[in-house]
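One structure is given here, and the rest of the page talks about it.
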Amino acid sequence: MRLTNLYRKKSLRQKLILSSILCLVIPTIITLSLSDYTSKKVLKEEAVRTASETLEVIEQYIENRINKMIYISNFIQFDNEIRSIVMQRRNEHRLNLVQDEIELFESRKKITAKLDNISFPDEKTYITILLPDGTNYTNYPYSEFDPVGLFEEPWFAELPDFPASSTFWVGAHPAYIESEHKQNEKFMTIVRTIKTFSSELYGYIIISISESQVSRVFSNDRAEGEKLLLTGSGIILSHADKSQIGQPFAHSQALPEGENSSQFIHLNGKQYLVVANKTIYSDWYLLSMTPYDTALGQVHQILRTNVFLQIVFFSVFLMILVYLVRQFTKPIVRLGQIASEVESGNLDVRSRIRGPDEIGRLGRSFDQMLGRIQHMIEQITLEQTLKRKAELKMLQAQINPHFLFNILNSIRMKIWLKGDEENAALISSLAKLLRMTISQKDELVTLQEEVDTSVSYMKLMNFRHHGTLKWEINLLAETLYEKVPRFFLQPLIENAIIHGFNQEKGTIRIFSRIAADELAIRIEDDGAGMNTERLNRLKENLKQPIHPEQQEDESFSGIGVKNVYDRLRLIYGNRFNIEIESMPGQGTQITLYIPRVKEE
């Protein structure tokens with residue numbers, strides 16, 4: 001509400017500029033918001049797709065490493081010669097037989113050769129066949145490690161009960177090969193058991209590779225994100241940072257809820273894109289954590305560039321807009337200034353604004369209007385001057401009616417003193433009528449005064465027509481002091497005498513009553529009356545404006561019936577109403593509904 005009021009107080013030019021700025025800013029903000037949302041959505045999907053594809057490549061590489069380890073374990077487990085040697089050695093140990101050294105050497109040589117053949121030269125794989133009695137066969141020298149030490153590993157205790165058809169995933173653990181251990185290397189190991197069909201244990205197959213063979217595919221650039229291999233419990237199996245291997249994953253909330261998932265999470269005040277894929281081996285997961293800025297850095301750069309360009313273009317167009325609005329509204333401002341001067345009373349100023357457009361036409365019309373107003377003021381001034389002169393002449397002309405009024409009063413007194421009361425009464429009626437005509441003090445009089453004036457008029461007319469006129473006055477007491485316009489009854493009575501009675505005998509009846517907020521006055525005569533056609537013509541004539549060249553016959557007062565109607569309409573407006581009823585040979589009835597005047 002406060003902003004609305006503030007906006008209303010602004011000038012037209014300011015409103016145009018503000019409205020134009022809003023029309024520019026709001027669509028721009030909406031466009032930038034939609035563009036930002038759409039771009040981020042598309043790039044998020046692209047970032048997730050890219051991360052997933054990267055994990056798939058890494059997963060294929062890791063699967064290749066693990067498949068080779070499984071291939072080696074399967075080869076050893078199902079090779080008849082190796083299986084025969086192992087079972088023979090197990091039986092000799094069970095029977096406490098001492099194996100011939102040469103035979104033992106030959107068997108070890110055969111197995112070692114096989115192990116060397118199934119090893120991959122480009123990727124160092126450490127293979128151990130360990131029997132329960134400590135007999136072992138390896139593809140690495142004993143100087144590097146004594147395989148009997150594997151019995152001491154914490155995970156080894158779980159192996160005897162492990163089925164031969166399954167693979168035991170040890171995961172990442174410290175390297176047991178001396179040269180690898182010195183380099184602080186970690187091993188990733190799988191174990192298979194060698195059992196008979198009756199589940200009798202004959203030995204163990206332990207295959208280890210360096211963790212570096214897995215983590216070499218992980219990027220060392222932390223800005224590009226982290227790639228790591230996890231167990232289902234959140235222990236890091238492989239990572240570019242060797243110090244984190246074997247440690248619990250610090251951001252457990254980023255661990256996936258399903259086999260494959262992606263989500264955006266907040267860690268340490270930063271947002272990351274996390275994509276996780278479950279491997280087909282064990283419960284291991286490949287996890288990719290990419291910083292949000294890295295994943296969506298391109299869209300941020302695009303948005304920053306877009307915003308910068310929008311600001312530059314907006315500033316340029318705003319200056320152009322302000323300039324154009326000022327030019328367009330300059331004529332309107334000029335009109336406002338001229339209007340202020342006119343308001344202060346200076347009518348001689350002109351806008352001088354011209355042109356083919358709407359403002360030019362407005363300026364031309366405004367100047368023409370000022371010219372007409374100035375001409376009208378001059379004309380009204382002249383008319384007022386003439387009116388004052390006419391009023392002065394009228395006052396001078398009233399000297400004669402006053403002189404006549406005084407003379408009539410003197411004659412009436414002289415006749416009355418001589419005892420001629422009838423003629424004295426006639427002169428008194430004429431004097432009252434004359435006094436009413438020359439009195440200009442009050443526009444409104446009481447109904448009693450108006451009726452008395454009408455009675456004086458009828459007395460004079462009765463004297464003139466030798467007693468042929470009669471009248472009946474029936475006024476309710478509450479109507480006597482109601483205010484009515486002067487001389488509205490006399491023209492109606494005169495009309496009845498002239499047109500209704502044809503200046504012959506007849507009776508005039510006057511009634512009054514209060515009807516709600518109106519004073520109802522009815523004047524009746526028993527004269528000739530009017531037919532329907534003439535009555536309708538009279539009613540239509542009352543509604544037409546009066547023309548000087550078409551005035552009705554003037555009466556004693558100089559005011560016709562039509563003029564009385566127009567006069568009452570001018571005084572009371574639409575609140576005044578009149579009803580006329582007439583029948584041929586039955587007279588005419590006129591009812592006037594005059595609004596009551598409330599006392600101040």
_Can you list everything that forms a salt bridge (charged side-chain N to carboxylate O under 4.0 Å, His left out) with D146? Sequence neighbours excluded, please._
none
*Set of residues satisfying salt bridge (charged side-chain N to carboxylate O under 4.0 Å, His left out) with respect to R596, sequence neighbours excluded*: E482
Who passes side chain to side chain donor-acceptor pair (under 3.5 Å) against [X], sequence neighbours left out?
X    : value
Y204 : none
D367 : S351, R354
N74  : R192

*Any chance you could measure I127, atom CD1, to D116, atom CG, to the nearest 0.5 Å?*
8.0 Å
*How many angstroms lie between atom CD of E63 and atom CG of L286, to the nearest 0.5 angstrom?*
8.5 Å
Tell me whether [X] contacts the main-chain N or O of [Y] through its side chain, where contact means a donor paired with an acceptor under 3.5 Å.
X    : Y    : answer
E211 : H239 : yes
S73  : I70  : yes
D79  : F75  : no
Q244 : L228 : no
Q77  : T193 : yes
Y61  : Q213 : yes
E144 : S179 : yes
K195 : F162 : yes

*What residues, two or more places apart in sequence or in another chain, satisfy ring-ring contact (aromatic ring centres under 6.0 Å, His included) together with Y140?*
none
_Residue that, paired with I129, satisfies side-chain contact (heavy atoms from CB on, under 4.5 Å) out of V86, N136, T112, T135_ =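 In the set V86, N136, T112, T135, the residue that makes a side-chain contact (heavy atoms from CB on, under 4.5 Å) with I129 is V86.
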Donor on one side chain, acceptor on other, [X] and [Y], under 3.5 Å:
X    : Y    : value
S344 : N346 : no
E178 : S143 : no
T189 : H173 : yes

*Do the non-hydrogen side-chain atoms of Y202 and P132 ever get within less than 4.5 Å of each other?*
no
*Report the relative orientation of the aromatic rings in F187 and Y176; use parallel for angles under 30°, tilted for 30 to 60°, perpendicular for over 60°.*
perpendicular
*asked:* Could you check whether R569 makes a cation-pi contact with Y572, meaning its NZ or CZ is under 6.0 Å from the centre of the six-membered ring and within 45° of the ring axis?
replied: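 Checked: cation-pi criterion not met.
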